[in-house]
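Working notes, beginning with the structure itself.
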Amino acid sequence: MIAAVPNASAEDLNDYPTAARADYVFGCMKANGETQELLQKCSCSIDVIASIIPYDSYVTAETILSMSQVTGPVGSEFRSTEQAKLAMQEFRRAQAEAEVRCF
């Protein structure tokens with residue numbers, strides 16, 4: 001992917017804020033275990049995700065995940081729209097690649 005953007009700077013390729021990366025790692029470790037080994041694996045995972053999808057897409061997926069847990073018509077909008085489904089497919093593909101590479 002880097003070759004497709006020959007003049008990309010480090011900032012362009014690392015657009016995930018540190019707080020977002022840390023939040024992902026904390027959540028990953030909480031779900032999988034709080035060991036040094038998992039710290040490394042979870043850190044690897046968010047790095048892989050960040051290399052596959054831009055931060056805006058990550059924020060969209062995180063918002064959909066959060067809002068889809070709301071009951072009623074509001075949550076339904078986040079579960080059923082085509083845009084939400086496509087965003088989640090992209091995010092899940094990135095997560096699957098991270099799983100393969102890091103775990």
Side-chain angles (χ1 to χ4, degrees):
M1 292 211 163
I2 295 172
V5 188
N7 296 323
S9 70
E11 288 178 1
D12 294 333
L13 299 174
N14 187 15
D15 65 342
Y16 282 50
T18 302
R21 288 177 184 262
D23 186 52
Y24 179 92
V25 171
F26 290 144
C28 175
M29 290 179 69
K30 196 65 154 169
N32 296 296
E34 298 176 358
T35 66
Q36 183 65 31
E37 179 183 3
L38 276 161
L39 171 64
Q40 297 302 317
K41 289 179 178 184
C42 293
S43 296
C44 171
S45 181
I46 190 60
D47 289 344
V48 170
I49 291 169
S51 75
I52 296 172
I53 61 173
Y55 182 63
D56 287 346
S57 296
Y58 175 80
V59 169
T60 298
E62 288 290 305
T63 301
I64 292 167
L65 282 170
S66 176
M67 292 303 295
S68 67
Q69 295 175 16
V70 174
T71 58
V74 173
S76 178
E77 285 296 314
F78 285 91
R79 288 186 293 275
S80 62
T81 66
E82 190 62 28
Q83 182 181 8
K85 289 177 185 176
L86 292 173
M88 290 311 303
Q89 284 176 343
E90 179 184 39
F91 180 65
R92 293 201 196 296
R93 277 194 300 270
Q95 280 186 313
E97 181 64 25
E99 178 94 12
V100 168
R101 290 192 205 176
C102 303
F103 287 87

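Keep in mind that the numbers below use all heavy atoms, side chains included, and drop hydrogens, waters and symmetry copies.
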- line: OG (Ser45) and CG (Leu38) are apart, to the nearest 0.5 Å, by 10.5 Å
query: Could you give the distance from CG (Leu39) to CG (Asn32), rounded to the nearest 0.5 Å?
result: 12.0 Å
Apply side chain to side chain contact (heavy atoms under 4.5 Å, CB included) to [X] and list each qualifying residue two or more places apart in sequence or on a separate chain.
X	value
Ser66	none
Pro73	none
Gln83	Thr81
Leu86	Glu82, Gln89

query: Would Leu65 and Met88 satisfy side chain to side chain contact (heavy atoms under 4.5 Å, CB included), going step by step from the backbone distance to the final call?
result: CA-CA 8 Å; Leu65 282 170; Met88 290 311 303; 3.4 Å; yes
field: Qualifying ring-ring contact (aromatic ring centres under 6.0 Å, His included) pairs with a residue from residues 22-50, counting only residues at least two apart or across chains
entry: none
field: Within residues 31-58 or reaching into it, pairs that qualify as salt bridge (charged side-chain N to carboxylate O under 4.0 Å, His left out) - sequence neighbours excluded
entry: Arg21-Asp47, Lys30-Glu34, Glu37-Lys41
- prompt: With Phe91, which residues qualify under ring-ring contact (aromatic ring centres under 6.0 Å, His included), at least two apart?
  reply: Tyr58
- request: Report the C-alpha distance between Ile46 and Cys42 in whole Å, list the side-chain angles of each, state the deciding distance to 0.1 Å, and finish with yes or no for side chain to side chain contact (heavy atoms under 4.5 Å, CB included).
  value: CA-CA 6 Å; Ile46 190 60; Cys42 293; over 6 Å; no
- prompt: For Tyr16, what residues pass the side chain to side chain donor-acceptor pair (under 3.5 Å) criterion, not counting sequence neighbours?
  reply: none
- prompt: If you look at every heavy atom in Ala87 and Ile64, which pair is closest and at what distance?
  reply: CB-CD1, 3.7 Å
query: What heavy-atom pair brings Thr35 and Met29 nearest, and what distance separates the two atoms?
result: O-CE, 3.7 Å
Enumerate donor-acceptor pairs with a distance under 3.5 Å from any side-chain N or O in residues 93-103 to protein atoms, sequence neighbours excluded.
unit_1, atom_1, unit_2, atom_2, d
Glu97, OE2, Arg101, NE, 2.7
Glu97, OE2, Arg101, NH2, 3.4

